[in-house]
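In the text below, chain A, chain B and the rest are named by the order of the sequence lines, each starting its count at 1. Keep in mind it's a predicted model, so treat the numbers as computed, not measured.
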Amino acid sequence: MQTLVADLLAWFEKHAADLPWRRDRTPYAVWLSEIMLQQTQVATVIGYYERFLARFPTVEALAAAPLDEVLKLWEGLGYYSRARNLHRAARVVVEQYGGRFPGRAAELQTLPGVGRYTAGAIASLAFGEDVPVVDGNVIRVLARVFDIAEDVGQEATRKRLWTLAESLIPPGAAGQYNESLMELGRVICKPRQPECGVCPIQVHCAAYRLGVQEGRPVKAPRKPIPHYDVVAGVIHGRDGQQGRILIAQRPADGLLGGLWEFPGGKREPGESLPEALVRELREEMGVTVEVGAFLVKVRHAFTHFRITLHAFECWIAAGEPARIGVADFAWVTLDELDRYAFGKADQGIIAELRERPRRLL
DNA sequence: AATACGGGGAG
DNA sequence: CTCCCAGTATT
């Protein structure tokens, strides 16, 4: 009987999917793909990866670009701190490493946005260092093969998984081993209804032998997530800004950092939606608005909360826009909205504006 | 150790 | 609807 790792590698050699980032194992391409793949499925990443690499073929090109352009290419992919860190890291690589990525996991991990997983992936795949990776796939495969019954959310269990993954590395072939483990987790050893019948390492799997594969890995139950009502103003320009809308850029850090939005904010208890909008626009931009017609309602889910976004037409009754709680603002036409990166919820407002253009636009 | 951080795929 | 995804940074 072959060993677990030998069977795994033999399967991967025969069944590896043809993914764009498997054609270019340069450190830059591997790094980019691994950042995009954080908490994001392969199918979602492919288009973004190809567009991004076409626009920024080298780390120098990325480092030279304005952050706004990077965010625009990242628009819709989520976890925008990844894009901000990617841009920062590109500048570090160019300015401090002469454009060459460091070749060791320990040093790679000092780059912004590069944690232990990503450092291990770049070091093993692009540089051939014998270091492991532990992502959601690896956790699931190892928890099943070794029938790990402890909560994988616990730090002690994570440590055990890293040690286990490292102990299995075939000398000189960590990259192939790491990829094969992740591919098996994605294609065969899936979270629900794993395809044990065609699994190349079924005979090595303790959970399968015990019939508990659907119960591995063990995870603690999630906490309920809150819901908020959020208001947004589509503020029509007057006088010199006739035919334009006021949009604002969110602060660089935090939720949707650096993205643009229709300004507004969360409704407080006891407040009506128009009252909330008037308050938020005073607080964030220093303007007093007259709230007009309700425009559209957009429901959206984030990781830790859900929102219902209520958009209203507005006009400025007093004051001039100021950068108080926003990083920037701009008066733009409907066509010019395409140049700015927006979150998904605000794109629902844009879709409504394009579908039923207002007379005043 | 717990929480913040997006959006979409798939059952 | 729920769960989860080639995780990282912050507190």
Side-chain angles (χ1 to χ4, degrees), chain A residues 12 16-17 19-22 29-49 71 74-86 88-89 108-122 124-125 132-141 151-159 161-162 165 175 177-187 189-194 214 217 219-226 250-259 261 298-307 341-348:
Chain A
F12 184 62
L19 300 173
W21 42 89
R22 288 189 176 151
V30 172
W31 168 61
L32 175 64
S33 67
E34 293 299 342
I35 299 294
M36 286 188 164
L37 286 160
Q38 288 168 9
Q39 295 293 287
T40 311
Q41 295 184 179
V42 164
T44 304
V45 167
I46 292 175
Y48 282 91
Y49 174 80
L71 285 172
W74 208 270
E75 182 183 40
L77 197 56
Y79 284 149
Y80 298 92
S81 65
R82 291 184 296 174
R84 301 193 297 272
N85 284 332
L86 190 82
R88 280 175 53 206
L108 285 162
Q109 205 176 329
T110 68
L111 294 171
V114 178
R116 188 172 179 187
Y117 164 79
T118 305
I122 302 169
S124 64
L125 296 171
V133 297
V134 173
D135 71 335
N137 291 308
V138 175
I139 288 170
R140 191 167 55 253
V141 172
D151 177 4
V152 297
Q154 292 300 304
E155 192 55 38
T157 315
R158 293 296 177 108
K159 188 169 165 55
L161 287 162
W162 276 97
Y177 156 79
N178 286 335
E179 267 201 307
S180 67
L181 218 38
M182 293 190 283
E183 181 95 341
L184 187 81
R186 181 172 71 90
V187 178
C189 197
K190 299 177 293 184
R192 277 171 294 192
Q193 299 177 32
E214 295 262 22
K219 295 191 176 187
R222 301 191 176 191
K223 295 179 176 179
I225 64 176
R250 299 175 60 87
D253 294 314
L255 185 74
L256 304 172
L259 268 62
E261 66 176 1
V298 181
R299 291 164 26 138
H300 187 67
F302 292 87
T303 307
H304 290 283
F305 59 94
R306 298 173 199 282
I307 64 166
F342 285 83
K344 188 63 171 47
D346 279 47
Q347 286 177 30

Start at the 5' end of DNA chain C and walk down; is the nucleotide closest to A:Tyr79 or to A:Arg299 reached first?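 With A:Tyr79 and A:Arg299 compared, the 5'-side residue is A:Arg299.
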
How is [X] classified with respect to the nucleic acid when contacts are heavy atoms under 4.0 Å: base, sugar-phosphate, or nothing?
{"X": "A:Arg84", "answer": "nothing"}
{"X": "A:Trp21", "answer": "base"}
{"X": "A:Leu256", "answer": "sugar-phosphate"}
{"X": "A:Glu155", "answer": "sugar-phosphate"}
{"X": "A:Gly343", "answer": "sugar-phosphate"}

Return no unless some side-chain N or O of [X] is found under 4.0 Å from OP1 or OP2 of [N].
{"X": "A:His300", "N": "B:dG6", "answer": "no"}
{"X": "A:His304", "N": "B:dT3", "answer": "no"}
{"X": "A:Arg306", "N": "C:dT2", "answer": "yes"}
{"X": "A:Arg82", "N": "B:dG6", "answer": "no"}
{"X": "A:Lys190", "N": "C:dC4", "answer": "no"}

Nearest-angstrom distance from the residue atom [atom1] of [X] to [atom2] of [N]:
{"X": "A:Gln41", "N": "B:dG11", "atom1": "CD", "atom2": "C1'", "result": "12 Å"}
{"X": "A:Asp135", "N": "C:dC5", "atom1": "CG", "atom2": "C1'", "result": "9 Å"}
{"X": "A:Ile139", "N": "C:dG7", "atom1": "CD1", "atom2": "P", "result": "8 Å"}
{"X": "A:Ile307", "N": "B:dG6", "atom1": "CD1", "atom2": "P", "result": "12 Å"}
{"X": "A:Arg222", "N": "B:dA2", "atom1": "CZ", "atom2": "C1'", "result": "15 Å"}
{"X": "A:Ile35", "N": "C:dA6", "atom1": "CD1", "atom2": "C1'", "result": "11 Å"}
{"X": "A:Tyr48", "N": "C:dA6", "atom1": "OH", "atom2": "P", "result": "16 Å"}
{"X": "A:Trp74", "N": "B:dC5", "atom1": "CH2", "atom2": "P", "result": "18 Å"}

Please tabulate, one pair per line, each protein N/O and nucleotide N/O from nucleotides 8-10 of chain C that are separated by under 3.5 Å, including the distance.
residue	atom	partner	partner atom	Å
C:dT8	OP1	A:Gly115	N	2.8
C:dT8	OP1	A:Gly115	O	3.4
C:dT8	OP1	A:Thr118	N	3.0
C:dT8	OP1	A:Thr118	OG1	2.8
C:dT8	OP2	A:Tyr117	N	3.4
C:dA9	OP1	A:Gly113	N	2.6

Check whether any side-chain N or O of [X] sits under 3.5 Å from a backbone N or O of [Y] as a donor-acceptor pair, and report yes or no.
{"X": "A:Tyr48", "Y": "A:Glu75", "answer": "yes"}
{"X": "A:Glu261", "Y": "A:Arg250", "answer": "no"}
{"X": "A:Arg158", "Y": "A:Val152", "answer": "yes"}

A:Gln154 or A:Gly257, whichever maps to the more 5' nucleotide of DNA chain B: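 On the 5' side of the pair lies A:Gln154.
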
If you find the nucleotide of DNA chain B closest to A:Ala301 and the one closest to A:Ala156, which residue's nucleotide is nearer the 5' end?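 Result of the comparison: A:Ala156.
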
Can you tell me how far the CG atom of A:Leu184 sits from the CZ atom of A:Phe12, to the nearest 0.5 Å?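 It is 10.5 Å, given to the nearest 0.5 Å.
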
Among A:Arg186, A:Met182, A:Arg140, the one residue meeting side chain to side chain contact (heavy atoms under 4.5 Å, CB included) with A:Asp135: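 Between A:Asp135 and the candidates, side chain to side chain contact (heavy atoms under 4.5 Å, CB included) is satisfied uniquely by A:Met182.
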
Which atom pair, heavy atoms only, marks the closest approach of A:Leu71 to A:Arg84?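 So the two residues come closest at CD2-CG, 4.5 Å.
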
Residue pair A:Trp74 / A:Tyr79: nearest heavy atoms and the distance that separates them: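 Nearest heavy atoms, A:Trp74 then A:Tyr79: NE1-O, 3.8 Å.
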
Side-chain donor-acceptor pairs of residues 30-39 of chain A under 3.5 Å, sequence neighbours excluded:
residue	atom	partner	partner atom	Å
A:Ser33	OG	A:Ala29	O	3.3
A:Ser33	OG	A:Val30	O	2.9
A:Glu34	OE1	A:Tyr117	OH	2.6
A:Gln38	NE2	A:Thr118	OG1	2.9

Min side-chain heavy-atom separation A:Asn178-A:Leu181 under 4.5 Å: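 The answer is no, as the side chains (C-beta and beyond) never meet within the 4.5 Å cut-off.
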
Under a 4.5 Å cut-off applied to non-hydrogen side-chain atoms, are A:Trp21 and A:Ile46 in contact?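 Contact flag for A:Trp21/A:Ile46 side chains = yes.
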
If we take the P atom in both C:dT11 and B:dG6, what is their distance in whole Å?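 Looking at atom P only, C:dT11 and B:dG6 are 15 Å apart.
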
Nearest-angstrom distance, P atom, B:dA4 to C:dA6: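 It comes out at 24 Å once rounded to the nearest Å.
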
Using the benzene-type ring in the case of Trp, are the ring centres of A:His304 and A:Phe302 under 6.0 Å apart?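 When the ring centroids of A:His304 and A:Phe302 are compared, they turn out to be at least 6.0 Å apart.
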
Look at the side chain of A:Thr303 and the base of B:dG6, then say whether one donor and one acceptor between them are separated by less than 3.5 Å.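 Flag set: donor-acceptor pair detected.
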
Please list every stem that involves DNA chain C, where a stem is a run of 3 or more consecutive Watson-Crick or G-U wobble pairs with both pairing distances under 3.5 Å.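 Correct response: B:1-5 with C:7-11, B:7-11 with C:1-5.
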
Among the nucleotides [options], which one has an atom lying closest to any side-chain atom of [X]?
{"X": "A:Phe302", "options": "B:dG6, C:dA6, B:dA2", "result": "B:dG6"}
{"X": "A:Met182", "options": "C:dC4, C:dA6, B:dG8", "result": "C:dA6"}
{"X": "A:Leu255", "options": "B:dC5, C:dA6, C:dC4", "result": "B:dC5"}

